[in-house]
Amino acid sequence: MNAPDADLTQVSAAPTRAGARSVPRGLALDVAHLFADEAAAEPAAGGAPLDEKLRQAYFWMVNHAIISPHYDVEFSDPARPVTTFHLGDSRAAVDLPTDQSYSSFVLLPLLTFAVRGRCLLVGGPGRGKTASAILMGVIAGYPVREVRRAMQHGHPQLTVQDMFGTPLPRDLVNAESLADIDVAWRSWLGMRVKIVDEYNRIPTRTQSALLTVLADGYVEVFDQVYETGASAWYLTANDDAGGGTFQVVDALRDRIDVVVKALAFNSRFLGDLVARAERGLRPEENVPPGVVFDADEHDRLHREVLAVPFPAPVRRRLEHFASQLELLERAAWQLEYRTKDTARLAGVDPHLLALADDGRDRVEDVGAQTLNGLSVRALQSLVLYAKAMAYFRGNAEVTLADLRAVLPFVLHDKLQPDLAAPAFDDPEREPLRTDRVSWIRDLFDTACRQHDAADLDRDDPVGDVLAELAQGLDGVDEATVRTRLARIEGLLAGWEQATKLHGDVYDDALALKYAHQRYSAYLSWLRWSGA
């Protein structure tokens, strides 16, 4: 390996983000904190706080390692107007953000490192997907050679034993049971960063074993189990649709937290490639020591991200958006089963059932543009990455802008568009058929506008009912319970006048039914106990 290049390994000493809140965020104490040396619990003298260190890693990658001048994750200062220009016959918008903005191809892998999630990098050959994944292994503190050797390359003959470990030959001959067979596990399973290159070339049976490792953190060969522990995963694929030599099983695709695209190289930056070639430089061999995270820092980074608060107003926006997606009124008779998932399980195209629901404004209805709703796993990933984005930006808590920024990348493969929906018929919206990031962002913006129009931030009677219930039933007398039951029934009676059942009303009706059940059961107990 060549000696590190001084220019390439330089990290700016200036703060990367003015006003960032680089302070502890109320971490819960554990035994390690209680008995650890006080000095050891703090950053080393002269060392940057971990959020600042993460930003330094980002700016080193985007300026020196991964040449990606695409600031597609935009943020704007509310106090400063955004300047926009329109180019070409299509009037393509060139927005000039007024706050620090980022390249998703560099930022999302870094956030995946922070939350120890699972990131899929997609794009054509030679666009830096594998290089980006290797850099994440080096930032985790592993030597370049070890990262390269540990990287798993998908190919059509890859077996479960090739990928995870093989039984010892002497045991295969002498063992009287599977329990007597020792397995020589592959060393990459214990690393904090795991890379699988071209995962869509792996045979289906091996994909199923990979699914178990991703989902549950263990692998089983010959009745022997290896616990892999928490780690950040990076998978690559040349085919955006997930196809390849083998079709990727749906369950494996569903375990991926974020999908990020490697965008085209900007020819104006060819000079950087020329200089790098002339000097024989490889970024992964020149990672600055100041942006490398050891195992303890990686653990602390994860804990600090989890500790970022997710405030109720932002949560309500996410709840309102998610509620629009699942309802399919004609999928069943019983209220609880009127969902797109019911139709899918029955083998019926949700689009056909939605067509029968006449009278609904299928252009304005956000749910009419999708063939499915959001799973619990998708919502958990959204919350986790929104926290990571807020942490990276130095915010004290998650903001709506943080959530909006990560939402298209988390839902990229989890939300399926109904391309036959009328909302795509508008010629101006035609590009949204192929640009899934912009489509999902447009869905969320539309849902937020509807949330504002309904004034749900100030007028949320169902939220009031649930908040009252969340305070507990201890000491609540019968008269109060009856009042609350009447209030729930009054809300439902008021909605009977509406001709259309929208997604948010559907979720609210189910929530009220739940609250009514809790109060009814409590009322029965009060009568039985004589309290």
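Owing to the predicted nature of the structure, the values given are computational and were not obtained by experimental measurement.
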Passing candidate, salt bridge (Lys or Arg N to Asp or Glu O under 4.0 Å) with Asp457, options Arg317, Arg316, Arg315
Arg317

Tightest non-hydrogen contact, residues Ala215 and Arg255, listed as CB-NE, 3.2 Å

Answer yes if the side chains of Gln100 and Tyr102 hold a donor-acceptor pair under 3.5 Å, and no otherwise.
yes

If only side-chain N and O atoms count, and only distance matters, is there a donor-acceptor pair under 3.5 Å linking Asp77 with Thr98?
no

Residues Arg253, Asp250: salt bridge by 4.0 Å N-O rule:
no

Verify salt bridge (charged side-chain N to carboxylate O under 4.0 Å, His left out) between Arg303 and Asp299, making sure each step is shown before the conclusion.
CA-CA 6 Å; Arg303 291 198 302 269; Asp299 288 342; 5.4 Å; no

Spell out, as yes or no, whether a donor-acceptor pair under 3.5 Å connects the side chain of Gln207 to the backbone of Val249.
yes

Donor-acceptor pair, distance only, cut-off 3.5 Å: does the side chain of Arg330 make one with the backbone of Ala354?
no

Inter-residue atom distance Leu355.CG - His351.NE2, 0.5 Å rounding
4.0 Å

Drop me the distance from Ser323's OG to Asp504's CG, to the nearest 0.5 angstrom.
5.0 Å

Looking only at side-chain N and O atoms, does Ser76 offer a donor or acceptor that is under 3.5 Å from a partner on Asp99?
no

Lys261 NZ/CZ over Phe105 ring centroid, <6.0 Å and within 45° of normal
no

Side chains of Leu335 and Leu510: does their closest heavy-atom pair fall under 4.5 Å?
yes

If I take atom CG from residue Leu384 and atom CG from residue Leu306, how far apart are they, to the nearest 0.5 angstrom?
6.0 Å

Show the nearest heavy-atom pair for residues Val248 and Asn200, with the distance to one decimal.
CG2-CB, 3.6 Å

Under 4.5 Å between any side-chain heavy atoms of Val73 and Met389, yes or no?
yes

Any donor and acceptor pair, going by atom type alone, linking the side chain of Tyr58 with main-chain N or O of Lys53 inside 3.5 Å?
no

Does this structure show an ion pair linking Arg91 with Glu428, if we count only N-O contacts that are shorter than 4.0 Å?
no

For Asp402 and Ala386, indicate whether the former's side chain and the latter's backbone hold a donor-acceptor pair under 3.5 Å.
no

State whether a side-chain donor-acceptor pair under 3.5 Å links Thr339 with Thr342.
yes

So that I know where these two stand, are Phe321 and His451 an aromatic pair - ring centroids less than 6.0 Å apart?
no

Run the side-chain contact (heavy atoms from CB on, under 4.5 Å) test on Leu415 and Leu325 for me, step by step, so that the C-alpha distance in whole Å, both residues' side-chain angles and the decisive distance to 0.1 Å come before the verdict.
CA-CA 9 Å; Leu415 205 54; Leu325 305 175; 3.9 Å; yes

Verify, without hydrogens or angle tests, whether Arg484 (side chain) and Tyr519 (backbone) share a donor-acceptor contact under 3.5 angstrom.
no

Do Gln450 and Val366 make a side-chain contact, defined as non-hydrogen atoms from C-beta onward lying under 4.5 Å apart?
yes

Is a side-chain N or O of Thr84 found less than 3.5 angstrom from the main chain of Asp95, in a donor-acceptor match?
no

Under a 3.5 Å distance rule, please check whether Tyr522 uses its side chain to pair with a backbone N or O of Leu473 as donor and acceptor.
yes

Return the minimal non-hydrogen interatomic distance between Trp495 and Asp508, and the atom names on each side.
CH2-CB, 3.5 Å

Please test Asp445 against Arg404 for salt bridge (charged side-chain N to carboxylate O under 4.0 Å, His left out), starting from the C-alpha separation and ending with a verdict.
CA-CA 8 Å; Asp445 290 345; Arg404 182 179 182 273; 2.8 Å; yes

Taking every heavy atom of Leu54 against every heavy atom of Ala114, the minimum-distance pair comes out as CD2-CB, 4.2 Å

Charged N to carboxylate O below 4.0 Å: is that the case for Arg482 and Asp477?
no

Please evaluate residues Glu326 and Lys340 with respect to the criterion salt bridge (charged side-chain N to carboxylate O under 4.0 Å, His left out), reporting the C-alpha separation (whole Å), side-chain torsions for both, the decisive distance (0.1 Å), and the verdict.
CA-CA 6 Å; Glu326 187 64 75; Lys340 291 169 183 170; over 6 Å; no

Polar contact flag, side-chain donor to acceptor under 3.5 angstrom, Tyr514-Arg518
yes

Has Arg338 got its NZ or CZ under 6.0 Å from the middle of the six-membered ring of Tyr506, at an angle within 45 degrees of the ring axis?
no

Between Arg436 and His412, does any side-chain donor sit less than 3.5 Å from a side-chain acceptor?
no

Are Leu50 and Glu304 close enough that some pair of their side-chain heavy atoms sits under 4.5 Å apart?
yes

Is a side-chain donor or acceptor of Ser208 paired with a backbone partner of Thr204 at a separation under 3.5 angstrom?
yes

Using only heavy-atom distances, determine whether the side chains of Thr446 and Arg449 contain a donor-acceptor pair under 3.5 Å.
yes

So, do Tyr385 and Phe409 have ring centers that fall under 6.0 Å from each other?
no

Taking the side chain as everything from C-beta on, heavy atoms only, tell me whether Val219 gets closer than 4.5 Å to Thr212.
no

Yes or no on side-chain contact (heavy atoms from CB on, under 4.5 Å) for Ile202 and Leu210, after CA distance, side-chain angles and deciding distance?
CA-CA 10 Å; Ile202 297 175; Leu210 180 61; 4.2 Å; yes

Over all atoms of both residues, closest heavy-atom pair of His298 and Arg192:
ND1-NH1, 2.8 Å

For the rings on Tyr234 and Phe113, is their centre-to-centre separation under 6.0 Å?
no

Could you check whether any side-chain heavy atom of Ile256 comes within less than 4.5 Å of a side-chain heavy atom of Asp413, counting everything from C-beta outward?
no

Less than 4.5 Å apart, any side-chain heavy atom of Pro431 and any of Trp439?
no

Any side-chain donor-acceptor pair under 3.5 Å between Gln324 and His502?
no

For Phe444 and Ile440, run side-chain contact (heavy atoms from CB on, under 4.5 Å): C-alpha distance rounded to whole Å, both residues' side-chain angles, the deciding distance at 0.1 Å, then the answer.
CA-CA 6 Å; Phe444 185 66; Ile440 294 173; 5.7 Å; no

Looking just at side-chain N and O atoms, do Asn372 and Asp341 make a donor-acceptor pair shorter than 3.5 Å?
no

Begin from the C-alpha positions of Asp257 and Gln380 and carry the test side-chain contact (heavy atoms from CB on, under 4.5 Å) through to its verdict.
CA-CA 9 Å; Asp257 291 312; Gln380 288 176 325; over 6 Å; no

How close do Tyr199 and Leu235 get, heavy atom to heavy atom, and via which atoms?
CD1-CD2, 3.6 Å

Could you tell me whether a side-chain N or O of Ser520 sits under 3.5 Å from a main-chain N or O of His516, the two making a donor and an acceptor?
yes

Heavy-atom side-chain contact between Val258 and Val406 under 4.5 Å
no

Given the rule in the salt bridge (charged side-chain N to carboxylate O under 4.0 Å, His left out) test, do Arg429 and Asp442 qualify, once you have shown the distances and angles that lead to the verdict?
CA-CA 10 Å; Arg429 295 175 59 84; Asp442 179 72; 3.1 Å; yes

If we count only N and O atoms by modelled type, under 3.5 Å, do the side chains of Ser381 and Lys414 hold a donor and an acceptor together?
no

Are Phe164 and Tyr226 an aromatic pair by the rule of ring centers under 6.0 Å?
no

Heavy atoms of other groups near Gln517 CD, more than 12 under 6.0 Å
no

Judged by atom type as modelled, is there a donor-acceptor pair below 3.5 Å linking the side chain of Asp216 to the main-chain atoms of Val213?
no

